[in-house]
Amino acid sequence: MSKVTITLTKSLIGCLDKQIATAHSLGLRKIGDTTVQEKNAATEGKIRVVSHLVSVEQEG
């Protein structure tokens, strides 16, 4: 499986509770936090929910 690197680039302040919970489930709590996740349907759905708050990079 390929992996994706997800970095929180914007603050969670003022976001909906669902978006905050999704960011936390990805392991992102503070601006600049980075996590590497397996690329699968569940992860892609989570990224879609917080797409305006994160940057995503594909890993080989």
Side-chain angles (χ1 to χ4, degrees):
M1 294 288 293
S2 61
K3 295 184 180 247
V4 291
T5 301
I6 308 163
T7 304
L8 187 63
T9 57
K10 293 189 178 178
S11 174
L12 295 174
I13 295 174
C15 292
L16 299 174
D17 290 339
K18 177 181 177 182
Q19 294 167 337
I20 294 171
T22 302
H24 287 183
S25 73
L26 288 168
L28 305 171
R29 300 192 181 279
K30 298 190 297 186
I31 294 175
D33 281 355
T34 301
T35 184
V36 177
Q37 302 281 331
E38 291 288 332
K39 183 178 179 184
N40 55 34
T43 303
E44 289 178 4
K46 291 177 183 181
I47 291 170
R48 197 173 305 119
V49 171
V50 293
S51 62
H52 60 291
L53 302 172
V54 299
S55 65
V56 180
E57 298 175 12
Q58 301 290 328
E59 290 188 8

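With a 4.5 Å cut-off on side-chain heavy atoms, Gln19 and His52 count as touching. Between Thr35 and Thr7, the closest side-chain pair of non-hydrogen atoms is not below 4.5 Å. Considering only heavy atoms from C-beta on, Leu12 comes within 4.5 Å of His24 through its side chain. Contact annotation: the side chain of Gln37 approaches that of Ile6 to within less than 4.5 Å [non-hydrogen atoms, C-beta and beyond].
In this structure a side-chain-to-backbone donor-acceptor pair under 3.5 Å is present from Thr22 to Lys18.
No single ILVMFWY cluster, assembled from side-chain heavy atoms under 4.5 Å apart, contains both Leu16 and Val49.
Side-chain polar atoms of Glu59 and Thr5 form a donor-acceptor pair below 3.5 angstrom. Side-chain contact, Thr9 with Ser55: no donor N or O sits under 3.5 Å from an acceptor N or O.
Across all their heavy atoms, Leu8 and Lys30 have their closest contact at CD2-O, 3.4 Å. Nearest approach of Leu53 to Cys15, heavy atoms of both residues: CD1-SG, 3.7 Å. Val56 and Ile47 get closest at one heavy-atom pair: CG2-CG2, 3.7 Å.
Rounded to the nearest 0.5 Å, atoms CG (Asn40) and NZ (Lys46) are 8.5 Å apart. Remark: Glu38 CD to Lys3 NZ distance equals 4.0 Å, nearest 0.5 Å. Put simply, OG1 on Thr43 and CZ on Arg48 are 11.0 Å apart, with the number rounded to the nearest 0.5 Å.
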